Amino acid sequence: MKRLTVLGLAALVAAGTGALAGCTSEDKPAAKGDGKIAIAATDTECKVAKLDLAAGTHTFAVKNAGKKVTEFYVFATGDRVVGEVENIAPGLTRDLIVELPAGTYETACKPGMIGKGIRSSLKVSGESKPLTNDAKLAAATESYQRYVKSQTAALIDKTTEFVTAVKAGDAEKAKALFPVARTYWERIEPVAEIFGDLDPAIDGREDSLEPGQEFTGFHKLEKDLWETKDISKSGPTADKLLADVKLIVEKANSEKLSPLQLANGAKELLDEVATGKITGEEDRYSHTDLWDFAANLEGSKAAIAALRPVLDEKDPVLAKTLDEQFAAAQAELDKHRKGDGWKFHNELSQADLKALSDAINALGEPVSKVAGVVVK
Amino acid sequence: MTDEASKGGTSRRALLGAGAAGVAGVAAGVAGAQFLGETKPAAAGPSIDQAVPFYGEHQAGIVTPAQDRLHFAAFDVTTKKREDVIWLLKEWTKAAARMTAGRDAGPLGATGGRGEAPPDDTGEALGLPASGLTLTIGFGPGMFAEGRFGLAGRKPAALEDIPHLPGDAIDAAISGGDICVQACAYDPQVAVHAIRNLARIGFGKVTMRWSQLGFGRTSSTSREQETPRNLMGFKDGTRNLKAEDKAVSTQLWAQPGDGQAWMAGGSYVVTRKIRMHIETWDRTSLDEQEQIMGRHKGNGAPLGQKEEFDEPDLKKEDIAVEAHIRLAHPDSHGGAMLLRRGYNYVDGSDKLGRLDAGLFFIAYQRDPRKQFVPIQRALGQKDVLNEYIKHVSSAVFACPPGVKDDKGYWGEGLFA
């Protein structure tokens, strides 16, 4: 994020394509007749009450009857997120309001918040006007802003749980929550990097500190948990982490990224993987690098997906290549799934790491071309 | 031979100083192995500035007078799709034609594209001339595996994996590979630039398996060149095949009758990384060194002879039974010869503080089963030199004939 865009897109707020996620206070199934589309989610199922809709604004009411925390998504072509609700705890119902122009979509529940999710195809028919290129670019930034909003909400929730566990002296719980909270951070890191002073405070590594900088944030707590094995004095660091996260979230949500920043952000996330995660440098005490890897990959994909309508228009061949390489990188990563999470970095062989590195190089090259296409 | 390579695109150098090209005219004849007997420049081969023609009957970089620097890369193919391999070979051919002509790897160049996009050339060769760059491709045995790319029926019989040979200490991680590219140039930056840009084009289709830098040639491929020295301090490969020899048609180039028509005009390359125990060699007396080699260290003459190119007299006692020159001599192998194109390497030093150095052996031939393998089998069994060297890598590739013009691509005949 070293350069500011020269495209005057910030003023173009495309009204009408927004999606809002809200939590209903009453825990009752969405009744028929109120116009809501009920989603019955369990750990193994994702039943969508209606899969043939008329173009327009719709509300999905997602009830999680499973035992795992789930997420619900509506995807357009290329897994572009049209709307999503994160972090739906067992027993809870959350609404997703989304405007859907005519087209084919996919709905997905993600029990355990991982994987491709349980998918259904959704058809929306009726009148819808094709967007102009400028409007497509504007929609891309809108779309990504929604993504950032959903991620930051979950980031605050999970960071809160993490620091609470640290302060309560519950090391096991804190260790389990550490990579989960970081997932939401790592998905949107390019946005965070815009705010130069906060990023090192939240995510700085001990060896990259400048003289005078104090070692704080996630990695300080990681060191306390895994290396020093003493969190009795970690309270102030935990409090500061949460305060910093809340501050950066506030800033991130008021920031609107340009399409060029989106494209570069997608590339930078993969650079992060290539230089920090594959080498195991990022989470050197906990070895939870693959959680960060997965989150960087998802974040990169989300940024590219937001630009998808523009890519389809200007360079469909590149769009297809991106689909293939994102899928290939995901498949390579999925080999190392373990339970609801991932293997530790020190459980991977040199051959595993080489294969992952190859997949990221294969993906990074086409992703690096997106910026040039967006400004074409 | 066309000169398409110099058309269009961006040149890394706006103008090449004509005065710098002291041996102008020599390079043009080289790729086709046609030499002008009358012209005898002090140092034959492409000069530091010149371009070696990319298109021709044979690939450049085989009989081309050996340039001083090397970057040799072996790739594994990761894609499962035949059409991806063909796409890559076409893209590589275009980039190779540009770079060997002294131009950028891509059509836009290192600085000609949009500011927002990464450049299609990495830029470290900006301002550098063609530097005699040649890029030579070869296909490893794995490419022809049953059910892989539909090439099983096209595998040449001569392209067999090199068997384990006496004394081999082969490290699989730096051996073999599906595709090799040999980059030779007079400027190491130009050779590295070429491999780096080809690797970048290949991401997602191929992955680098291993690569080797060579800092100085140890072979001459033309009688116009002086024989250089290896790191043991000896002139190396004096007796080997040269571009001007009539035997190139029987010992170097695959012929139409050899079994696979697509290889006619091509050649097989064997590479071996030969680590030298430099420190112990250096403590060996001059007499012993010369007896081990069978040559005088000074001018390279066979023991008992006066000049380097004098024929060694193998019947005389001057040359020991186990001397390298005797074991490697064509007379000991039914006349088999190799066109050697090796390079000295130093990969820094090892953990014990010893120079990690030796010879990156490269040899082109018509059939490794009849040339490299029997020669090395004999050397591995008896050569006294083995006390001072260790073969640590091994690879073999089928190098197809040259690309005729800008409509063709590397390996076109194989995929046709």
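By convention in this document, chain letters (A, B, ...) are assigned in the order of the sequence lines, proteins followed by strands, and residues within each chain are numbered from 1. These numbers come from a predicted model, not from an experiment.
- Atom CG of residue A:D358 and atom CE of residue B:M208 lie 10.5 Å apart, to the nearest 0.5 angstrom.
- Contacts with chain B (heavy atom to heavy atom, under 4.5 Å) involve these residues of residues 342-354 of chain A, listed by number: A:K354.
- Interatomic distance, B:R114 CZ to A:K369 NZ, rounded to the nearest 0.5 Å: 15.0 Å.
- When the heavy atoms of residues 270-284 of chain A are compared with those of chain B, none of the residues falls under 4.5 Å.
- Nearest heavy-atom pair across A:A362 and B:G204 is CB-CA, 3.1 Å.
- Annotation: the span from B:E116 atom CD to A:S368 atom OG amounts to 13.0 Å, rounded to 0.5 Å.
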